[in-house]
Amino acid sequence: MTKEILAQFLTATDEFVATGESLSEERLNRVPAPGEWSAAYVIHHLADSDAHFLVRFLNLLSVDKPAIIPFDEEAFPSSLHYEGRSVATSLHSIKSSAAHVNDILSQISDQEWTRSGLHPERGEVTVTDVLKLTTNHRVGHIDQLKASS
């Protein structure tokens, strides 16, 4: 089951990146409605959230019952300067992060998939839970990117 989720994660990554790479500059920067993010902002957001998820995997696998630090995605655009960032760099980061996650998770034992930490909002979460969460996160944002094309 966990290998299937990892495969879904990689497939979703490929689809997200391909969709992002297919968008014109105009489509990348178009804001679909007031208060919503452009496709470029969605791409930067996924790159930044991937960094958080990667740290979660590293901590879950190397620290006993680590605290999982939540992130405020609404603060990302202004705090992390989305307006001046490179979409190509963020897409590269997404591909690299996914490869890193795959390199680590493809080698862990069945027991390691159940290692857990404590998230202040979600409670106890396992490596499997975090992989499901990041996979679903990608799938949701693929739909946003496709709506921009």
Side-chain angles (χ1 to χ4, degrees), residues 1-23 27-28 32 36-149:
M1 166 84 165
T2 50
K3 299 291 183 182
E4 291 170 7
I5 300 166
L6 186 55
Q8 291 168 359
F9 167 78
L10 295 171
T11 299
T13 299
D14 290 344
E15 186 175 358
F16 182 92
V17 170
T19 303
E21 289 175 340
S22 74
L23 297 175
R27 296 280 183 179
L28 283 167
E36 291 187 21
W37 288 350
S38 67
Y41 276 33
V42 171
I43 291 167
H44 299 318
H45 162 72
L46 193 69
D48 295 338
S49 60
D50 272 4
H52 283 276
F53 285 118
L54 179 57
V55 168
R56 289 176 184 182
F57 289 124
L58 297 174
N59 286 333
L60 285 166
L61 291 167
S62 63
V63 178
D64 287 334
K65 300 285 185 187
I68 306 295
I69 300 170
F71 56 89
D72 179 5
E73 66 182 34
E74 295 301 322
F76 282 8
S78 61
S79 298
L80 302 177
H81 305 282
Y82 282 8
E83 73 283 349
R85 294 199 17 209
S86 162
V87 168
T89 299
S90 288
L91 288 169
H92 178 74
S93 177
I94 292 164
K95 288 189 280 190
S96 296
S97 179
H100 195 162
V101 167
N102 183 53
D103 196 34
I104 293 167
L105 297 186
S106 65
Q107 300 182 61
I108 67 174
S109 68
D110 290 345
Q111 184 179 5
E112 288 171 305
W113 283 102
T114 64
R115 287 184 60 92
S116 65
L118 188 61
H119 189 286
E121 297 159 2
R122 297 177 184 272
E124 188 171 349
V125 294
T126 65
V127 172
T128 301
D129 295 332
V130 174
L131 184 59
K132 285 179 185 176
L133 182 63
T134 191
T135 300
N136 292 337
H137 187 233
R138 275 171 160 55
V139 170
H141 286 310
I142 289 167
D143 294 339
Q144 278 184 292
L145 289 187
K146 285 183 175 179
S148 298
S149 56

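Here the structure is a predicted model, which is why all the values come from computation and not from measurement.
Side-chain atoms of Phe53 and Val101, non-hydrogen and from C-beta on, never get closer than 4.5 Å to each other. The side-chain heavy atoms of Thr2 and Leu6, taken from C-beta on, include no pair separated by under 4.5 Å. The shortest side-chain heavy-atom distance between Arg122 and Ile68 does not fall under the 4.5 Å cut-off. Between Lys146 and Glu15 there is a side-chain heavy-atom pair separated by less than 4.5 Å. Side-chain contact between Arg115 and Asp64 is present, with at least one heavy-atom pair separated by less than 4.5 Å. Taking the side chain as every heavy atom from C-beta outward, Leu60 and Pro66 approach each other to under 4.5 Å.
The closest donor-acceptor contact from the side chain of Ser96 to the backbone of Ser93 lies at 3.5 Å or more, if one exists at all. Counting only distance, with no hydrogens or angles, the side chain of Asp129 and the backbone of Thr126 share a donor-acceptor pair below 3.5 Å. Side-chain N or O atoms of Thr135 include one that pairs as donor or acceptor with a backbone N or O of Leu131 at under 3.5 Å. A distance-only check finds no donor-acceptor pair linking the side chain of Ser148 to the backbone of Arg27 [under 3.5 Å].
When the side-chain hydrogen bond (donor to acceptor under 3.5 Å, both in side chains) test is applied to His141, the partners found at least two apart in sequence or on another chain are His45, His137, Gln144. Checked against ring-ring contact (aromatic ring centres under 6.0 Å, His included), Tyr82 has the following partners two or more places apart in sequence or in another chain: Tyr41, His44.
Separation of atoms CG (Leu10) and CG (Asn102) is listed at 4.5 Å; rounding is to 0.5 Å. Within the model, atoms CG of Leu58 and NE2 of His100 stand 5.5 Å from one another, a figure rounded to the nearest 0.5 Å. With rounding to the nearest 0.5 angstrom, the CG atom of Leu28 is 8.5 Å from the OG atom of Ser22. Atom CD of Glu21 sits about 11.0 Å away from atom CG of Leu145, to the nearest 0.5 Å.
Few gaps surround CG on Asp72; more than 12 heavy atoms of other groups in view lie less than 6.0 Å from it. The 12-atom threshold is exceeded at CG of Leu118, counting heavy atoms of other residues, nucleotides or ligands nearer than 6.0 Å.
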What do the steps show when you test Phe57 against Thr134 for side-chain contact (heavy atoms from CB on, under 4.5 Å), and what is the final call? CA-CA 11 Å; Phe57 289 124; Thr134 191; 4.2 Å; yes
Evaluate the side-chain contact (heavy atoms from CB on, under 4.5 Å) criterion for residues Phe16 and Leu91: first the C-alpha distance (whole Å), next the side-chain angles of each, then the deciding distance (0.1 Å), finally the verdict. CA-CA 9 Å; Phe16 182 92; Leu91 288 169; 4.3 Å; yes
Check against side-chain contact (heavy atoms from CB on, under 4.5 Å), Glu112 and Leu61: CA-CA 7 Å; Glu112 288 171 305; Leu61 291 167; 4.0 Å; yes
Starting from the C-alpha separation in whole Å, work towards a yes-or-no answer on side-chain contact (heavy atoms from CB on, under 4.5 Å) for Arg85 and Asp48. CA-CA 12 Å; Arg85 294 199 17 209; Asp48 295 338; 2.9 Å; yes
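Closest non-hydrogen pair, Arg138 versus Ala12, comes out as CB-CB, 3.9 Å. Taking all atoms of both residues into account, the shortest heavy-atom contact from Asp50 to Ser97 is CB-OG, 3.6 Å. Of all non-hydrogen atoms in Ile5 and Lys132, the two that sit nearest each other are CD1-CE, 3.5 Å. In plain terms, the two heavy atoms of Glu36 and Pro32 that are nearest each other are OE1-CG, 3.4 Å. The two residues Ile43 and Ser90 come nearest to each other via the heavy atoms CG2-CB, 3.7 Å. Shown here for Leu105 and Lys3, the closest heavy-atom pair between the two residues is O-NZ, 4.0 Å.
When only modelled atom types and interatomic distance are considered, Thr11 and Asp14 share no side-chain donor-acceptor pair under 3.5 Å.
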